[in-house]
Amino acid sequence: MRSRTRCRRSPTAQAPCGDKMAAPVDLELKKAFTELQAKVIDTQQKVKLADIQIEQLSKTKKHAHLTDTEVMMLVDETRMYEGVGRMFILQSKGVIHNQLLEKQRIAEEKIKELEEEAVGAPQIMEIGLKQKKSYLERSVKEAEDNIREMLMARRAQ
């Protein structure tokens with residue numbers, strides 16, 4: 001008795017199932033597809049990294065705000081110490097307050113930097129921490145659209 005195997009056809013296969021020889025795959029399309037796929041994966045990882053950084057900065061900002069709120073409720077004569085490495089330095093309430101406000105301001109600036117849109121030619125921008133989240137998301141969407149267009153064009157042939 002003969003066993004039947006299912007025919008699994010890939011979207012890029014040109015020959016019908018059962019043919020011994022498939023027509024050569026369009027190498028240019030395959031190369032472009034793999035490049036776009038790699039770009040999408042790389043960009044998605046960068047977006048996740050930017051999200052993690054934004055979340056961490058938000059926590060830092062919130063922590064500094066809550067600490068500042070508690071410090072401001074204390075009497076001016078309260079002795080306050082700033083932790084520096086393994087030691088503590090006596091600081092005034094004003095100095096501690098200013099340090100906490102500065103920490104909040106820096107965190108807010110970094111969050112805005114990560115969230116704002118890339119200005120100018122984003123293709124020239126250096127890949128790294130300065131990469132903008134919105135540019136990354138736009139890049140993923142463009143790559144996905146390019147993959148869809150290539151597949152639709154291939155199916156139409």
Side-chain angles (χ1 to χ4, degrees), residues 8-13 24-157:
R8 293 184 188 155
R9 245 183 115 194
S10 70
T12 57
V25 178
D26 188 357
L27 294 177
E28 184 179 324
L29 179 65
K30 188 174 183 179
K31 181 181 176 187
F33 183 77
T34 54
E35 287 174 5
L36 285 172
Q37 198 172 25
K39 181 180 177 182
V40 166
I41 290 169
D42 183 50
T43 308
Q44 285 173 337
Q45 289 173 345
K46 289 177 185 173
V47 168
K48 286 179 185 177
L49 178 64
D51 284 339
I52 290 169
Q53 289 174 336
I54 289 170
E55 184 180 332
Q56 184 63 37
L57 288 167
S58 296
K59 286 180 182 179
T60 301
K61 181 182 167 194
K62 184 176 181 179
H63 184 266
H65 175 71
L66 292 172
T67 305
D68 187 46
T69 304
E70 291 296 319
V71 165
M72 294 312 293
M73 290 192 302
L74 298 172
V75 203
D76 287 340
E77 291 80 33
T78 306
R79 298 183 79 152
M80 295 183 199
Y81 295 89
E82 174 189 4
V84 180
R86 291 185 174 188
M87 65 181 192
F88 295 94
I89 300 175
L90 180 64
Q91 297 284 11
S92 69
K93 181 179 173 181
V95 171
I96 299 287
H97 173 68
N98 289 338
Q99 287 175 347
L100 292 169
L101 290 178
E102 182 69 13
K103 193 181 238 185
Q104 290 177 54
R105 186 187 62 76
I106 290 171
E108 184 63 34
E109 286 176 1
K110 287 181 180 178
I111 289 171
K112 284 181 184 176
E113 181 181 315
L114 286 168
E115 288 179 338
E116 74 184 10
E117 283 189 278
V119 179
Q123 294 81 6
I124 298 172
M125 289 177 54
E126 202 173 313
I127 296 175
L129 292 176
K130 293 184 178 184
Q131 193 76 20
K132 307 295 187 226
K133 181 182 172 188
S134 61
Y135 165 69
L136 293 171
E137 290 171 341
R138 201 170 43 242
S139 179
V140 167
K141 184 166 178 16
E142 288 173 4
E144 288 173 348
D145 290 344
N146 288 340
I147 290 172
R148 281 190 199 98
E149 285 178 23
M150 281 195 311
L151 290 174
M152 295 303 284
R154 185 69 179 170
R155 288 180 187 155
Q157 288 180 353

Subject >> Residues Q45, D42; criterion side chain to side chain contact (heavy atoms under 4.5 Å, CB included); working and verdict >> reply: CA-CA 5 Å; Q45 289 173 345; D42 183 50; 4.3 Å; yes

Anything under 3.5 Å between a donor and an acceptor, one on a side chain of residues 84-94, the other on a protein residue two or more places apart or in another chain? List them.
unit_1, atom_1, unit_2, atom_2, d
Q91, NE2, E82, OE1, 2.9
S92, OG, V95, N, 3.3
K93, NZ, M72, O, 3.2
K93, NZ, L74, O, 2.6
K93, NZ, D76, OD1, 3.3

For residues 54-62, run the donor-acceptor check on the side chains, cut-off 3.5 Å, and write out each pair with its distance to 0.1 Å, sequence neighbours left out.
unit_1, atom_1, unit_2, atom_2, d
S58, OG, I54, O, 2.9
T60, OG1, Q56, O, 3.0
K61, NZ, E108, OE1, 2.3

Subject >> Nearest-0.5 Å distance, NE2 of residue H63 to NZ of residue K103 >> reply: 7.0 Å

**OP:** Show your working on side chain to side chain contact (heavy atoms under 4.5 Å, CB included) between E142 and D145 and close with a plain yes or no.
**Re:** CA-CA 5 Å; E142 288 173 4; D145 290 344; 5.6 Å; no

**OP:** State, yes or no, whether a side-chain contact exists between L101 and Q104 at a heavy-atom distance under 4.5 Å.
**Re:** yes

**OP:** Starting from the C-alpha separation in whole Å, work towards a yes-or-no answer on side chain to side chain contact (heavy atoms under 4.5 Å, CB included) for Q99 and I96.
**Re:** CA-CA 5 Å; Q99 287 175 347; I96 299 287; 4.1 Å; yes

